Amino acid sequence: MLPRDFYRRDALDVAPRLLNKVLVHDDPGHGRLAGRIVEVEAYMGEHDPASHAYRGRTPRNATMFGPPGHLYVYFTYGMHWCANAVCGEDGVASAVLLRALAPLPPLEPLWARRPTARRERDLCSGPAKLCQALGIDKEFDGEDLVEGRIRIVDDGTPPPDEPDVSPRIGIREAVDHLWRFSVPADPNVSR
DNA sequence: GGTGTGATCGTA
DNA sequence: ACGATCACACCA
């Protein structure tokens, strides 16, 4: 289990360290839903024009302003959920968007939650896809990643020494920052 | 492989 | 009015 102190630095520090960690949802009665984190983006809160926190605290983004090591889940495009790991000290909005996972066994429950997926690399290769695959929705906004139903685990696989670094995807503001990190050559990284 | 478009609704 | 997206159609 990653300790809470892991998340206490800002999102730009934490983001590359989250690569190759394992996101697990132990869903009672539905088994274990899990994937290895292979793509993330850093959002730097009130100083970042691309962050939901840029214009201050609202009911929607309140979790981001709370203590580190919790899950910030938001709804977008009228139909999709996306999930972040909240970073920084309590009161500071800083978060890492989880953008892609490499699916981990058992794969059957992941396929069941992603009926449109045709190939294994379609299961979790996007921020909304991975939430659908792991059953993450608004019920999990604020969930404790250290002791809650959804956790991030270190299974001993280190982050890549030299992650791929690129601009963030799907934003209009602050597009010049290279705050997207991914595992080189992993087929599950979003296109 | 790439590009373009419709879906769908909470939020500010 | 727009969004930290996805799936599908179409072209190559």
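Being a predicted model, the structure only gives us computed values, none of them experimental.
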Undergrad: Could you tell me whether A/Arg99 contacts a base, only the sugar-phosphate backbone, or nothing, with contacts defined as non-hydrogen atoms closer than 4.0 Å?
TA: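 Sugar-phosphate contact only - A/Arg99 comes under 4.0 Å of backbone atoms but never of a base.
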Undergrad: Which part of the nucleic acid, if any, lies within contact of A/Arg191, taking any heavy atom under 4.0 Å across all strands shown: a base, the sugar-phosphate backbone alone, or nothing?
TA: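 Sugar-phosphate: the residue A/Arg191, judged by heavy atoms under 4.0 Å, touches backbone atoms but no base.
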Undergrad: Looking for any heavy atom pair under 4.0 Å, which part of the strands does A/Arg118 touch: base, sugar-phosphate only, or nothing?
TA: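 If one applies the 4.0 Å heavy-atom cut-off, A/Arg118 turns out to touch nothing in the nucleic acid.
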Undergrad: Check for a donor-acceptor pair, side chain of A/Glu89 on one end and backbone N or O of A/Pro67 on the other, with a separation under 3.5 Å.
TA: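 No.
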Undergrad: Closest nucleotide of DNA chain C for A/Ser125 versus for A/Arg172: which of these residues is on the 5' side?
TA: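 First, find each residue's nearest nucleotide; the 5'-ward one identifies A/Arg172.
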Undergrad: Out of A/Leu33, A/Ile150, A/Leu123, A/Asp27, which residue meets the side chain to side chain contact (heavy atoms under 4.5 Å, CB included) rule with A/Leu134?
TA: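 Per the side chain to side chain contact (heavy atoms under 4.5 Å, CB included) rule, the option paired with A/Leu134 is A/Leu33, out of A/Leu33, A/Ile150, A/Leu123, A/Asp27.
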Undergrad: So with a 6.0 Å cut-off around CZ of A/Arg9, is the heavy-atom count from everything else above 12?
TA: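 Counting neighbours around CZ of A/Arg9, 12 or fewer heavy atoms of other residues, nucleotides or ligands fall under 6.0 Å, so no.
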Undergrad: Begin from the C-alpha positions of A/Leu130 and A/Trp81 and carry the test side chain to side chain contact (heavy atoms under 4.5 Å, CB included) through to its verdict.
TA: CA-CA 9 Å; A/Leu130 72 89; A/Trp81 300 98; over 6 Å; no
Undergrad: Before we go on, tell me: are the rings of A/His80 and A/Phe75 under 6.0 Å apart, centre to centre?
TA: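 Not close enough - the centres of the two rings lie 6.0 Å or further apart.
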Undergrad: Are A/Tyr7 and A/Ile136 linked, directly or through intermediate hydrophobic residues, by side-chain heavy-atom contacts shorter than 4.5 Å (ILVMFWY only)?
TA: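 Yes, one cluster joins them.
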Undergrad: Could you grab the distance from atom NE2 of A/His25 to atom CG of A/Leu71, nearest 0.5 Å is fine?
TA: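 Interatomic distance, A/His25 NE2 to A/Leu71 CG, rounded to 0.5 Å: 10.5 Å.
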Undergrad: Contact class for A/Phe75 (heavy atom, under 4.0 Å): base, sugar-phosphate, or nothing?
TA: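 The residue A/Phe75 makes sugar-phosphate contact but no base contact.
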Undergrad: Quick check for you: name the first and last nucleotides of DNA chain B, 5' to 3', having an atom under 4.0 Å from a heavy atom of chain A.
TA: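 Span of nucleotides near chain A: B/dG1 to B/dA12.
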Undergrad: Identify which one of A/Asn188, A/Asn20, A/Thr157 satisfies the side-chain hydrogen bond (donor to acceptor under 3.5 Å, both in side chains) criterion when paired with A/Arg36.
TA: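 Single side-chain hydrogen bond (donor to acceptor under 3.5 Å, both in side chains) partner of A/Arg36 among A/Asn188, A/Asn20, A/Thr157: A/Thr157.
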Undergrad: Want to settle it: does A/Ala117 or A/Leu97 sit nearer the 5' end of DNA chain C, counting the closest nucleotide to each?
TA: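 In this pair, the answer is A/Leu97.
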Undergrad: Which part of the nucleic acid, if any, lies within contact of A/Ile171, taking any heavy atom under 4.0 Å across all strands shown: a base, the sugar-phosphate backbone alone, or nothing?
TA: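 Answer is sugar-phosphate: A/Ile171 comes under 4.0 Å of backbone atoms only.
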Undergrad: So if you build clusters from Ile, Leu, Val, Met, Phe, Trp, Tyr with side-chain heavy-atom gaps below 4.5 Å, do A/Tyr43 and A/Leu23 land together?
TA: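 No; A/Leu23 is not reachable from A/Tyr43 via cluster members.
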Undergrad: Could you tell me whether A/Ala128 contacts a base, only the sugar-phosphate backbone, or nothing, with contacts defined as non-hydrogen atoms closer than 4.0 Å?
TA: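 Here A/Ala128 touches the backbone only, sparing every base.
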Undergrad: Would you grab the first and last nucleotide of DNA chain C (5' to 3') that comes under 4.0 Å of any non-hydrogen atom in chain A?
TA: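 Under 4.0 Å from chain A, the extent on DNA chain C is C/dG3 to C/dA7.
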Undergrad: According to the Watson-Crick and G-U wobble definition with distances under 3.5 Å, which dot-bracket string, read 5' to 3', encodes DNA chain B, using [ ] for crossing pairs and | for pairs with another strand?
TA: |||||||.|||.
Undergrad: Looking only at the aromatic ring of each residue, does the gap between the centers of A/Tyr54 and A/His47 stay below 6.0 angstrom?
TA: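 So the answer is no for these two rings.
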Undergrad: Check A/Arg32 against A/Pro109 and note the closest heavy-atom contact, atom names and distance.
TA: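 Nearest pair, atom of A/Arg32 first, then A/Pro109: O-CG, 4.1 Å.
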